[in-house]
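In what follows, chains carry the letters A, B, and so on, assigned in the order in which the sequence lines appear, proteins first and then strands, with residues in each chain numbered from 1.
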There are 2 protein chains.
Amino acid sequence: MKKPDKALSDTAIQILDVAERMARQGGYNAFSFRDIAREIGIKSASIHYHFPTKEDLGEALVERYTNRFLDALGAADDAEPIEMLSRYVSIYRAALIEQQLMCLCGMFGAEIAKLPAPVSERTRAFFERNLEWLDTVFKAAGVQDPRKRSGEVIARLEGAMILARAMNDMDLFQRVTGDLPAESLRS
Amino acid sequence: MKKPDKALSDTAIQILDVAERMARQGGYNAFSFRDIAREIGIKSASIHYHFPTKEDLGEALVERYTNRFLDALGAADDAEPIEMLSRYVSIYRAALIEQQLMCLCGMFGAEIAKLPAPVSERTRAFFERNLEWLDTVFKAAGVQDPRKRSGEVIARLEGAMILARAMNDMDLFQRVTGDLPAESLRS
DNA sequence: GATTCCCTATCTACTGATAGGTAGATATAT
DNA sequence: ATATATCTACCTATCAGTAGATAGGGAATC
């Protein structure tokens, strides 16, 4: 029997979906209550019922994104390190290629100096938990300085998303990250 | 005898300086004519005299940033590849550590889907010229698939800036990019 | 030498649009 | 009756952008 902390209403989910897409296209200042409301066919005042302030909405956005991300990753010891790293890369690739969107936390990470504190803290937590997950994988693989490797992996993936989108060349993401799993396990 | 295309007035330079800092902190929507004007002690209407629209200001921002960046890089064959790559990394490091700012084009690259076309085009041109510069270095070093290596270098540096800022841990940038010059020249 | 004209650069005052946010009425369903 | 969810109507602040007045400095003309 599942017992979610708070069950989100359909409307709340719609709001999050639309806001997430807008945020992942243009950043924290690129989604507005009015735009979201217009797209899902309600009034902007109604959004405040579900998310009292924009800060709250931003927090909920990062929270859901982080949970989904970690869910998709699964346990860091589910399989061999090389396979776990391939899975890690494929999640970024899917976001870029299939959704045609930037990573939400990559976007917010770039803007972090101007985000409301609760949002920036959750963004930091996203990266912290990703680093920990990767650390576990690299430790299992017996590499030196796992934290360094973990940072390299995240940096290359976030940077590759930006570069591929800026160059409007999604193949570039594949070229830049294709060998990442094997390379990052080299001693 | 130097003959600059257009000499920028002191005020125009001040506007660009303030706008660049704001943009590199929070993105394209994080600088406003009013904020810039307030900081340099003029009225926002006066900014329109120097830069008619925000789009024009954004373009000028990326243009100046790109020119300065390429100037700092110098010719790609100035020295040995390993030295040129070290120089490349050090320019990013200086921006992050000394200025405490994100790369302007890394920021705009993330937001590229929502930028005015002239700004996004110039942002793309920044990366194109950076890739070309790195290609030249890697070709001189005789590595295979220079474009792939160039993409990896840019991706790792832009991503490392985001990660270090998000984690509020500037040493992380150093750890993630410290070996980059030597590593990227390995066959 | 004084006057006229023009260019640069700024100002005041304004516009219409949009931002996030609030109060309170209303409808629906349990 | 109460809780949920939405609405209308409004607020203040800010956004980019415009029109037109003003001031100062040359340079050319008288």
**Message:** Nearest to the Thr11(A) side chain among dG17(D), dT6(D), dT10(C), which nucleotide is it?
**Reply:** dT6(D)
**Message:** Side chain of Ala45(A) only, heavy atoms from C-beta on: which candidate in dT18(D), dG20(C), dA23(C) is closest?
**Reply:** dA23(C)
**Asked** Reckon Tyr49(B) has a side-chain N or O less than 4.0 Å from the OP1 or OP2 of dA9(C)?
**Response** yes
**Message:** Rounding to an integer number of Å, can you tell me how far Phe33(B) CZ sits from dT18(C) C1'?
**Reply:** 17 Å
**Request:** Tell me which of His48(B) and Gly41(A) sits closer to the 5' end of DNA chain D, going by the nucleotide each one is nearest to.
**Result:** Gly41(A)
**5' priority, DNA chain C, between Phe51(A) and Lys43(B) [closest heavy atom]** = Lys43(B)
**Item:** SB check Arg64(B) Asp71(B) (cutoff 4.0 Å)
**Value:** no
**Asked** If you count the non-hydrogen atoms of other residues, nucleotides and ligands that lie under 6.0 Å from CD in Glu132(A), is the total more than 12?
**Response** yes
**Request:** Whole angstrom is fine here: how far is it from CZ in Phe31(B) over to P in dA16(D)?
**Result:** 8 Å
Under 3.5 Å, which donor-acceptor pairs do the side chains of residues 51-62 of chain A form with other protein atoms, sequence neighbours left out?
| from | atom 1 | to | atom 2 | distance (Å) |
| --- | --- | --- | --- | --- |
| Thr53(A) | OG1 | Glu55(A) | N | 3.4 |
| Thr53(A) | OG1 | Asp56(A) | N | 3.1 |
| Thr53(A) | OG1 | Asp56(A) | OD2 | 3.1 |
| Lys54(A) | NZ | Tyr28(A) | O | 3.0 |
| Lys54(A) | NZ | Phe31(A) | O | 2.8 |
| Asp56(A) | OD2 | Thr53(A) | N | 3.2 |
| Glu59(A) | OE2 | Arg122(A) | NE | 2.9 |
| Glu59(A) | OE2 | Arg122(A) | NH2 | 3.3 |

**Complete:** Between CG of Leu8(A) and P of dA5(D) the distance, given in whole Å, is 11 Å
**Message:** Within the 4.0 Å heavy-atom criterion, would you say Asn29(B) contacts the bases, only the backbone, or no part of the nucleic acid?
**Reply:** nothing
**Request:** Give a yes/no on whether any side-chain N or O of Ser32(A) is located under 4.0 angstrom from OP1 or OP2 of dA19(C).
**Result:** yes
**Asked** Does Gly109(A) offer a backbone N or O that forms a donor-acceptor pair with the side chain of Arg165(B) under 3.5 Å?
**Response** no
**Request:** Look at all strands and tell whether Ser46(A) reaches a base, only sugar-phosphate, or nothing, counting heavy atoms closer than 4.0 Å.
**Result:** base
**Request:** State which of dC7(D), dG21(C), dA16(D) makes the closest approach to the side chain of Ile42(A).
**Result:** dC7(D)
**salt bridge (Lys or Arg N to Asp or Glu O under 4.0 Å) between Glu152(A) and Lys148(A), intermediate numbers included** = CA-CA 6 Å; Glu152(A) 285 170 3; Lys148(A) 176 176 175 290; 2.8 Å; yes
**Message:** Using the rule given for side chain to side chain contact (heavy atoms under 4.5 Å, CB included), can you reason through Arg24(A) versus Tyr65(A), listing the C-alpha separation, both sets of side-chain angles and the distance that settles it, and then say yes or no?
**Reply:** CA-CA 11 Å; Arg24(A) 290 173 63 185; Tyr65(A) 189 81; 3.8 Å; yes
**Asked** Rounded to the Å, how far apart are Ile47(A) CD1 and dA19(C) C1'?
**Response** 13 Å
**Message:** Rounding to an integer number of Å, can you tell me how far His50(B) NE2 sits from dG17(D) P?
**Reply:** 15 Å
Distances for protein N or O near nucleotides 21-26 of chain D N or O, under 3.5 Å:
none

**Asked** Between Ser184(B) and Arg149(B), is there a donor-acceptor pair closer than 3.5 Å when you use the side chain of the first and the backbone of the second?
**Response** no
**Message:** Nearest whole Å is fine: how far is dA9(C) P from Asp10(B) CG?
**Reply:** 10 Å
**Request:** Could you state the atom-to-atom distance from CG of Asp35(B) to C1' of dC15(D) in whole Å?
**Result:** 10 Å
**Fill in**
note: Arg34(A), atom CZ; dC11(D), atom P; distance rounded to Å ~ 14 Å
